[in-house]
Amino acid sequence: MKALVFKGPGQKELADCPKPVITQPTDAIVKMVKSTICGTDLHILKGDVPAVTPGRILGHEGIGIVEEIGSAVSNFKKGEKVLISCVTSCGKCDNCKKQLYAHCTDGGWILGHLIDGTQAEYVRIPHADNSLYHLKNDVDEEGAVMLSDILPTGFEIGVLNGKVNPGDTVAIIGAGPVGFAALLTAQFFAPAKIIMVDLDQQRLELSRGFGATDLVNSSDGNVIENIKKIAGPEGVDVAIEAVGIPATFDICQKILKPGAHLANVGVHGKPVELHIEELWIRNVTITTGLVCTSTTPMLLKNVESKRLKPEKLVSHRFDFADMMQAYEVFGNAAREKAMKVIINFN
Ligand SMILES: [Zn+2]
Ligand SMILES: [Zn+2]
């Protein structure tokens, strides 16, 4: 089969690889139908995630058809359409029992990281009963792909950790796919204002159509002031950090009103300066996290009913044979006006 293989920092190849086989009775083999590329895949390609070794097939998102199941798989049958969760979980360990699936002692985020992933014609899914979801035939397939990772990430780590409430003023720093996922799902809780903050005016304008009430372009140097002009002098109720660099974390910690929540979603590679000397007196809460995908079934219901339409995030579509070009476009998102790219398998 063909697969997108990581060959070391800066190198990747669409290569011929052996088709995966069942190695544990709890495994399933899934024939991919649609996949996508994540910002995390770009981090891996830069060499930021040293746990990913050369030869690894990338990808942790997508939908497919069950091709084969191990003898202990009871929830799924050959031929069923499934959503693949970016997080693999056994459902039995201490962390799984607390719904901390990201920290499953025999799973977590392993796909396209510690084991071969979904940017391939076939993928092996360990603990299939807990790591796959049934997909009805009438569910928008592109929307479903957004449920593998970005929707639960924006919702759980941004919106739920940030404790968004009706009437709140929410600032989302970073108008990328995960920032947009937070923007879409924050609206479950009816905040009064959602301020989108980014350097890219095009993405900001786009966010209006997804429910942003106010836009702040952070390129002019007065970002804190401009957010407070909208939120009020005390700041916002919830700041969602969806970039993962010191500058954007810093914006978040400077716009918190007393009692506010700062929900960090961004993947950070460098330390940040925490202004505890300003924050200690403000009764604020700072949260971090890796998505647990415990809300995927709830989000899937909202996609099924079309209350949530994450397929609007798809900007480009490619055949799997053109995977290298898909990376080129996604890797130059601003220039290419790319948000999420869909990869179609035949
Ligand atoms: Zn991802
Ligand atoms: Zn577990």
Side-chain angles (χ1 to χ4, degrees), residues 4 6 24-27 32 34-46 48-49 51-52 56-63 72-73 75 83-120 123 125-132 142-158 174 176-182 185 242-244 264-269 289-296 299 310 313-314 326-327 330-331 333 338-343:
L4 195 284
F6 173 66
Q24 299 291 324
T26 46
D27 287 351
M32 294 302 298
K34 288 183 195 293
S35 188
T36 180
I37 306 172
C38 181
T40 306
D41 298 321
L42 301 181
H43 277 293
I44 293 170
L45 280 165
K46 269 196 239 159
D48 291 348
V49 190
V52 181
R56 177 68 61 230
I57 298 172
L58 297 183
H60 50 266
E61 297 160 275
I63 64 166
V73 174
N75 282 349
L83 163 66
I84 299 168
S85 175
C86 65
V87 165
T88 302
S89 59
C90 75
K92 293 175 181 168
C93 70
D94 281 357
N95 290 336
C96 278
K97 289 200 164 154
K98 287 187 246 174
Q99 289 207 320
L100 279 172
Y101 303 129
H103 302 284
C104 173
T105 54
D106 190 33
W109 170 46
I110 56 174
L111 276 181
H113 178 206
L114 307 179
I115 65 169
D116 286 337
T118 57
Q119 290 167 11
V123 62
I125 304 295
H127 298 299
D129 276 343
N130 270 293
S131 312
L132 297 174
E142 294 186 348
V145 174
M146 305 300 122
L147 288 171
S148 288
D149 179 357
I150 63 163
L151 254 280
T153 296
F155 183 57
E156 292 174 20
I157 310 304
V178 171
F180 269 77
T185 56
V243 181
N264 184 82
V265 191
V267 177
H268 289 264
L290 177 62
V291 66
C292 285
T293 64
S294 52
T295 64
T296 302
L299 293 168
L313 290 167
V314 176
Y327 262 96
F330 186 68
M339 186 58 76
K340 277 301 254 186
V341 300
I342 283 283
I343 311 299

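Heavy atoms only: backbone and side chains are in, while hydrogens, waters and symmetry mates are out. Position 1 is the first residue of the sequence, and the numbers go up from there. Counting convention: from 1, in listed order, for ligands and their atoms alike.
Rounded to 10 degrees, the SG-metal-SG angle spanning C90 and C104 at the Zn ion (ligand 2) equals 100°. When rounded to 10 degrees, the angle formed at the Zn ion (ligand 1) by SG (C38) and NE2 (H60) equals 110°. In this structure, SG of C93 and SG of C96 enclose an angle of 100° at the Zn ion (ligand 2), rounded to 10°.
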For this session: With side-chain contact (heavy atoms from CB on, under 4.5 Å) as the test, would you mind laying out the steps for C292 and L100 before giving the verdict?
Result: CA-CA 6 Å; C292 285; L100 279 172; 3.9 Å; yes

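When all heavy atoms of A144 and I63 are compared, the pair lying nearest together is CB-CG2, 4.0 Å.
D149 contributes OD2 as its N, O or S atom closest to the Zn ion (ligand 1).
Counted by atom type alone, S35 and Q119 present zero donor-acceptor pairs between their side chains at under 3.5 Å.
Between T40 and W109 the shortest side-chain heavy-atom distance falls below 4.5 Å. Annotation: side chain of I125 is in contact with side chain of L132 (closest heavy-atom distance under 4.5 Å).
For the Zn ion (ligand 1), the set of nearby N, O or S atoms under 2.8 Å includes none belonging to D41.
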